[in-house]
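In listed order, ligands and their atoms are each counted from 1.
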Amino acid sequence: MVANASEYLSDYLTIALPKGKLFEPSAKLLAEAGLAADNLSDSSRKLVITNERDKVRFIISKTADVPTYVEYGAADIGVIGKDVLMESGQDVYELLDLGFGRCHLMMAVPKDKKREKLSDYANTRVATKFPHIAEKFFARNGMQMEYIKLNGSIELGPIVGLSESIVDIVETGTTLRENNLEEIVPIMNATARLIANRVSFRLKFERIHKLMTDIEAILKKRH
Ligand code: PRP
């Protein structure tokens, strides 16, 4: 009997990896755990890379789309920052904190336009890639804001007068410094997480559980 497409794919473990900063450490960690593929790179134009021998497929996607591929089961598992995962609100299992990609989300303003206290920014415009997280944060502080969604280079917002402030990721602090912005208040810490589709986690439990155990052992050795 000829296997249909879903039977064929169920033999494979499909992993969504984000392009950019998390790609290299994710690919390295998975390779250490025995999941690798030739020519796995986020700079290639090839978006699906398969290792037929080990029955592993890698999907290379835009960072913000990783939780979507995993929620809908197009990928069984994936690696994504906690910040992007929370913003997406996608319904997936969060399996492990991978420890790398450490950064934090914060609110920042131009140094020369700093106001006295947080509530002084109420009803002003904030530029961000994370409007949902930002909205929850400001609501907790009893503040209504106007959110302007940007997709990158968020720091530009207040410099060109698009917004009074930003809510964005800080890793080294270089981008803030180079653009004369100052952090006003931290919002949340984030690291990379291993996530899984809820159905895949049950159907491919042995394989995913073994991967989790292997990764935990690798992370333990690293510390
Ligand atoms: C992120 C973030 C900041 C920068 C912070 O942007 O949005 O701009 O990194 O890093 P730093 O504190 O080490 O300077 P990213 O490089 O992911 O690109 P983007 O601006 O296109 O989102």
(request) For atom 22 (O) of ligand 1, grab the closest protein heavy atom and report residue, atom and distance to one decimal in Å. (result) K129 NZ, 2.5 Å
(request) Start with the C-alpha gap between K111 and E182, add the side-chain angles, then the distance that decides, and say whether salt bridge (Lys or Arg N to Asp or Glu O under 4.0 Å) holds. (result) CA-CA 5 Å; K111 276 185 178 158; E182 187 176 321; 5.5 Å; no
(request) Using distance alone, decide if ligand 1 has a nitrogen or oxygen within less than 3.5 Å of any nitrogen or oxygen in N151. (result) no
(message) Are more than 12 heavy atoms, taken from residues, nucleotides or ligands other than F58, located less than 6.0 Å from that residue's CZ atom?
(response) yes
(message) Does the structure place the NZ or CZ of R57 under 6.0 Å from the centre of the six-membered ring of Y12, at an angle of no more than 45° from the ring's axis?
(response) no
(request) Write down the atom of V79, the atom of P18, and the distance for their closest heavy-atom approach. (result) O-CD, 3.2 Å
(request) If you have a sec, work out which protein heavy atom is nearest atom 1 (C) of ligand 1 and how many Å separate them, to one decimal? (result) K21 NZ, 3.6 Å
(request) Taking E164 for its side chain and R125 for its backbone only, find out whether a donor-acceptor pair lies under 3.5 Å. (result) yes
(request) Evaluate the salt bridge (Lys or Arg N to Asp or Glu O under 4.0 Å) criterion for residues K117 and D120: first the C-alpha distance (whole Å), next the side-chain angles of each, then the deciding distance (0.1 Å), finally the verdict. (result) CA-CA 5 Å; K117 38 189 205 310; D120 293 339; 3.2 Å; yes
(message) Closer than 4.0 Å to some heavy atom of E155 - which atoms of ligand 1 meet that?
(response) 3 (C), 8 (O)
(request) For T172, take its heavy atoms, then give the atoms of ligand 1 lying under 4.0 Å from any of them. (result) 11 (P), 12 (O), 13 (O), 14 (O)
(message) Determine whether any protein heavy atom is located less than 4.0 Å from atom 10 (O) of ligand 1.
(response) yes
(message) salt bridge (Lys or Arg N to Asp or Glu O under 4.0 Å) for E32 and R222? Distances and angles first, verdict last.
(response) CA-CA 12 Å; E32 268 185 70; R222 284 185 184 175; 2.9 Å; yes
(message) So does V167 get a backbone contact from the side chain of T128, meaning a donor-acceptor N/O pair under 3.5 Å?
(response) yes
(message) Can you name the atoms of ligand 1, numbered from 1 with element, that are less than 4.0 Å from a heavy atom of V170?
(response) 12 (O)
(message) To check your reading of the model: name the closest protein heavy atom to atom 5 (C) of ligand 1, its residue, and the distance in Å.
(response) I169 O, 3.4 Å
(request) May I ask whether R177 has any heavy atom positioned less than 4.0 angstrom from an atom of ligand 1? (result) no
(request) For T174, take its heavy atoms, then give the atoms of ligand 1 lying under 4.0 Å from any of them. (result) 12 (O), 14 (O)
(request) Examine G152 against ligand 1 and note whether any of their N/O atoms are separated by less than 3.5 Å. (result) no
(message) Tell me whether the rings of F201 and F205 are parallel (<30°), tilted (30 to 60°) or perpendicular (>60°).
(response) perpendicular
(request) Report the nearest protein non-hydrogen atom to atom 7 (O) of ligand 1: residue, atom name, distance rounded to 0.1 Å. (result) D168 OD2, 2.7 Å
(request) Run the numbers for me: atoms of ligand 1, each under 4.0 Å from some heavy atom of S153, listed by number. (result) 19 (P), 20 (O), 21 (O)
(request) From atom 4 (C) of ligand 1, work out which of T175, T63, I154, N179 has a heavy atom at the shortest distance. (result) T175
